Amino acid sequence: MSYDFNTIEAKWQAYWAEKGTFKAENNSEKPKYYVLDMFPYPSGAGLHVGHPLGYIASDIYARYKRHKGFNVLHPQGYDSFGLPAEQYAIQTGQHPAITTKENIARYREQLDKIGFSFDWSREVKTSDPKYYKWTQWIFIQLFNSWYDTNLDKARDIKDLEIIFEQSGNTTVQAVCDEDTRSFSAEDWASYSSKVKQEILLKYRLTYLAETEVNWCPELGTVLANDEIVNGVSERGGYPVIRKKMTQWSMRISAYAERLLQGLETIDWTDSLKESQRNWIGKSVGAQVKFRVQNSEFGIEVFTTRPDTIFGVSFMTLAPEHELVAKITTPEQKAVVEQYIEATAKRSERERMADVKTISGIFTGAYAEHPFTKEPIPIWIGDYVLAGYGTGAVMAVPCGDQRDYDFAKHFGIDIPNIFEGIDISQEAFADKEKTIIANSDFLNGLNYKKATKTATYELEKLRQGEGKTNYRLRDAVFSRQRYWGEPFPVYYVDGMPQMIDLKHLPIELPEVEKYLPTETGEPPLGRADVWAWDVEKNQVVSNDLINNTNVFPLELNTMPGWAGSSFYFNRYMDPHNEEAFVSKEAVNYWENIDLYIGGSEHATGHLLYARFWQKFLFDREYLPVDEFAKKLINQGMILGTSAIVYRISETNKYVSKSLKGQYKTEELRVDVSLINSSDELDIEALKKWQPQFKDAEFELEGGKYIVGREVEKMSKRWFNVVNPDGICEQYGADSLRLYEMFLGPLEQAKPWNTAGITGVHNFLKRLWKLYHSGEEFDVTDTTPTKENLKTLHKTIKKVEDDIENFSFNTSVSTFMIAVNELTAQKCSSREILEPLLVLISPYAPHIAEELWSKLGHSTSITTTPFPEFDASHLVESAKVYPISFNGKKRFEMELALDLSKDDIEAAVMSHEKTQQQLAGRTPKKVIIVPGKIINIVG
RNA sequence: GCUCAAGUGGCGGAAUUGGUAGACGCGCUGGAUUCAAAAUCCAGUUCUUUCGGGAGUGUGGGUUCGAUUCCCACCUUGAGUACCA
């Protein structure tokens, strides 16, 4: 009976589905374990072999934990709102919901073939109204909350209204808009309802504000900072410009410090934590106020180096700074305006590409130094960013290279305030080696002391205070798209109103086209039925808008990250209609124990999700404030492209090693046309694309050999390998083993289908181990010492490997075990049963099949993981006599369970050792326990 | 520029606290089986060699009886980030 993987795999996949083998219960005597993959966006291209890598790893871990007696939650779903389906709709008119449904069906089919142990009864789709009801609900909670910096948590906005009624906002410590004015209780009472709403909006955790946004004209939408790469859109690579628009924003900046601190409590990779730290960008320093001479104005600057305050020789404002127009002298007005106009024209991208060009202009105005009262010229320069700090800097050319270059360029003084440092060539920025000089009361102090003293003196003068700044900006939350969650918001007199939970979800309306309207409104502006009737509490036709009981609805939709910021909580209780997750469910599952996904989400999804988790924790909907305890980034699987060489201006192609003789161009051809020794199937190529139909080929040794290039797996390089094809040819178990065998999980690695024969042969040998000839043959014979040794070293190694996520090496361990047991002619049930349990997380189908042949009527899934028993192993101790040169080494066999003292005594009485020592006493004896492998005598 | 990660055979990659470098697999070579091929099985496969050995984990130093592993400097590659004051 041969290993018929296709039949076996189909059989067990059907069995698992029918029996609901992987259904997780929300209450169980067992300890819980929650393993999650980042859910996929179902794209039209389907899965390639790179996608399942992380899913296979998490599946192995989930199955392992089930063997270990855990109640495992291992769900899967789809992040199904997104741009590609909408772009497709714009081109073809097909509703994105249809495209998405088709893509999901295809994904599901592909995923099912790999034999994952997902609990599909908990599937979520972000574009499903039943799901996005809760996305809308969370939005409303954010709207109804403000951040109390005193208690350091989000609170109900009603509490804030009560405070305003009682004592105005002067005592409130909250995160709010910069331009919020102060008012008393009496003021508050006198305000109209609209003014009150405007003020509250400045405190809400999601708020409507005119902000400078990244506008992408090509995509017709705004983008968040993390959706822009190198100044162009992440999707499509279109240019992005700055534009002022009224947009919803998320006050994530309120959580900057907690997002930073929380990193200490979670087991995520250092590089990922580092990315988040950089993105949050905390810097500690001081805010200093410089008076502008002959005017009522003051310039606020942020600096991390208050110790260098006596080195200030000019100030620089960002061109967009609001004071520019107010302080520029009449003589300078014309040139300043000209300069501002010129810089405004330059896009963000140009400004970045061209950082070396120094540009700036003098305003004619002077500020006054807080201590020396000396005049300081005020300049404008585009190296100062309006969006960071206060949009103005105190320039210390001796201590900052940019200030130094600017001063050199415009011939401004460069006073030296550092003890014993030469600044004739460049600025000196080394804080550690800094000793301050020429600075009055700071002379002789180091960086730390001078910073403290300067800040203290500034505070005394009421011209400065210690301050911490974050680079993290509030996240723009509006998108001018169709295929996203609609906001549960309507407008009365221009002020946003939330729709009550009872009436959610507000479902996406139908539109006849998915493009912005002629007047530049988002696609929802085309919907005829898109107004809110506050009496009927339902969406009604736009014709009925009268602004008394029928009001216009919000036309923007939410960004892609909205739905993915809480889905992991929804899996705990996916069908709950009363809450996004019940208290019982979330108290049981708490948070994700192991989360696996790509590192590209470091500053997007993974940051936003932490933000929402903390918010929902503050408002007591969740019991923990971090959503994932441990996170692993799986590496990308790269494609191995195949290259043919065309002789220039001909239709003749030469084999790889002959290409040096001609002038050639490289063309990529489909990798399926290449065999395992890089030989091209010429006949198949001719049929592949018409341009090759009449091509000629110059061969080497009768073969056409292609060049290979490792690069990202992509349709455009023709290097995509699909998992379905592999499953058909070698089986899902081979695919699973091979993906793990390729290399360490977290590392990027190239795919090469040829190598899969190794693991495939292993599975065939495993099958043979349980059969003699055609017959299934497992006996009740007592295992030999050798058999037990092989089994137990395998148990130990596999257990350690899985715990450390070194899935690649355990595949090797299985191969060694099967080879050894084959050589030992082992057919003992006592060995072969536990061996199957070890292998089953990796190759579940073959394990189930052999398990049932062993006479078991239930799935192998919850069979206990075999116990490791060290007494079956021996260990060698190696003794290195240090009084000798050379590589003298002795081995002796010792039982593993001896204590360290026992081992030392045994070694010292060891005959060979004593001979070598020849009566001398060594300075020390180093005992190295050998590896738990097969070393005997 | 800054931050992080990584450099080991023809290839993917092993090597637990420093202790026989190259496990395991691919590929390659030879053999068995076969009319032949596929499949399968067995042996070999870091380089070099006068067959004694010698060299060897990016480069150069250091610590150590002993370094792929620890320390310093440099080179290369990949990832992230960037006028952040």
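Please read these numbers as outputs of a predicted model, since none were measured by experiment. Chain identifiers are assigned alphabetically (A, B, ...) following the order of the sequence lines, protein sequences preceding nucleic acid strands; residue numbering begins at 1 within each chain.
- By the side chain to side chain contact (heavy atoms under 4.5 Å, CB included) test, A/Glu322 is found to be paired with A/Lys326, residues two or more places apart in sequence or in another chain being considered.
- Rounded to whole Å, the P atom of B/rC26 lies 16 Å from the corresponding atom of B/rU46.
- Rounded to whole angstrom, the span from the CZ atom of A/Phe314 across to the C1' atom of B/rA85 amounts to 11 Å.
- Look at the P atom in both B/rU8 and B/rA15: the space between them is 15 Å, to the nearest Å.
- Glycosidic conformation at B/rG9 (O4'-C1'-N9-C4 for purines, O4'-C1'-N1-C2 for pyrimidines): syn, within 90° of 0.
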For nucleotides 23-25 of chain B, give me every protein contact, N/O to N/O, under 3.5 Å, one pair per line with atom names.
none

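- For the P atoms, the distance from B/rU76 to B/rG58 is 16 Å, rounded to whole Å.
- In a base pair of the Watson-Crick type (N1 to N3 plus N6-O4 or O6-N4) or a G-U wobble (N1-O2 and O6-N3), with each distance short of 3.5 Å, B/rC65 is matched with B/rG19.
- In this structure, a donor-acceptor pair under 3.5 Å is absent between the side chains of A/Ser253 and A/Tyr470.
- Pairing of B/rG78, defined by two Watson-Crick or G-U wobble distances under 3.5 Å, is identified with B/rC4.
- Screening A/Lys825, A/Lys793, A/Lys789 for a salt bridge (charged side-chain N to carboxylate O under 4.0 Å, His left out) with A/Glu820, the sole residue that qualifies is A/Lys793.
- Residues passing the side chain to side chain contact (heavy atoms under 4.5 Å, CB included) test with A/Asn804, sequence neighbours excluded: A/Asp800, A/Ser806.
- The P atoms of B/rC47 and B/rU3 are separated by 40 Å, rounded to the nearest whole Å.
- Of the P atoms belonging to B/rU69 and B/rG62, the separation is 15 Å, rounded to the nearest Å.
- Of the candidates B/rG13, B/rA82, B/rC83, B/rC83 carries the atom nearest the A/Tyr383 side chain, counting heavy atoms from C-beta on.
- The salt bridge (charged side-chain N to carboxylate O under 4.0 Å, His left out) check on A/Asp400 picks up A/Arg402, with sequence neighbours excluded.
- Rounded to whole Å, atom P of B/rA85 lies 12 Å from atom CE of A/Met394.
- One atom, CG of A/Leu638, and another, P of B/rG12, lie 12 Å apart when rounded to the nearest Å.
- Applying the 6.0 Å contact sphere to NZ of A/Lys282 captures more than 12 heavy atoms from other residues, nucleotides or ligands.
- Atom C1' of nucleotide B/rA14 and atom CD of A/Gln747 are separated by 12 Å, given to the nearest angstrom.
- Nucleotides B/rG13 and B/rA21 place their C1' atoms 13 Å apart, quoted to the nearest Å.
- Following rounding to the nearest Å, A/Leu263 (CG) and B/rC4 (P) show an atom-to-atom distance of 16 Å.
- Atoms NE2 (A/His321) and C1' (B/rA85) sit 13 Å apart, rounded to a whole Å.
- Here the separation of B/rA79 from B/rG19, taken at their C1' atoms, is 34 Å to the nearest Å.
- The phosphate of B/rG13 has neither OP1 nor OP2 within less than 4.0 Å of any side-chain N or O from A/Lys749.
- The side chain of A/Arg402 lies closest to B/rA85 when the candidates are B/rU81, B/rA85, B/rG80.
- Atom P of nucleotide B/rC84 and atom CZ of A/Arg471 are separated by 10 Å, given to the nearest angstrom.
- The pairing partner recorded for B/rG30 is B/rC42, the criterion being a Watson-Crick or G-U wobble arrangement whose two distances lie under 3.5 angstrom.
- In terms of phosphate contacts, A/Ser283 brings a side-chain nitrogen or oxygen within less than 4.0 Å of OP1 or OP2 of B/rA85.
- Note: CD1 (A/Ile358) to P (B/rC83) measures 15 Å, nearest angstrom.
- Backbone-only contact: A/Asn761 has heavy atoms under 4.0 Å from sugar-phosphate atoms and none from a base.
- Between A/Glu264 and A/Arg277 a salt bridge is recorded (basic side-chain N to carboxylate O distance below 4.0 Å).
- Of the P atoms belonging to B/rG22 and B/rC28, the separation is 24 Å, rounded to the nearest Å.
- Classification of B/rG52 as syn follows from a glycosidic angle within 90° of 0.
- When each of A/Lys797 and A/Glu274 is assigned the nucleotide of RNA chain B with its nearest heavy atom, A/Glu274 is the one assigned upstream, toward the 5' end.
- If you check B/rG56 for Watson-Crick or wobble pairing at under 3.5 angstrom, you find it has no partner at all.
- The listed nucleotides are B/rU3, B/rA39, B/rA85; the one nearest the side chain of A/Lys764 is B/rA39.
- Across the strands present, B/rC84 finds no partner; the criterion is a Watson-Crick or G-U wobble pair with both atom distances under 3.5 angstrom.
- Across the interface with RNA chain B, nearest-nucleotide mapping of A/Gly391 and A/Leu742 shows A/Leu742 to be the residue nearer the 5′ end.
- Using modelled atom types, one finds no donor on one side chain facing an acceptor on the other under 3.5 Å when comparing A/Tyr738 with A/Thr757.
- For A/Arg471, there are no salt bridge (charged side-chain N to carboxylate O under 4.0 Å, His left out) partners two or more places apart in sequence or in a different chain.
- Base-pair partner of B/rA14: not found among the strands shown (Watson-Crick or G-U wobble, both distances under 3.5 Å).
- A search for side chain to side chain contact (heavy atoms under 4.5 Å, CB included) contacts involving A/His760 returns A/Tyr3, A/Phe5, A/Tyr730, A/Ser734, A/Lys764, not counting sequence neighbours.
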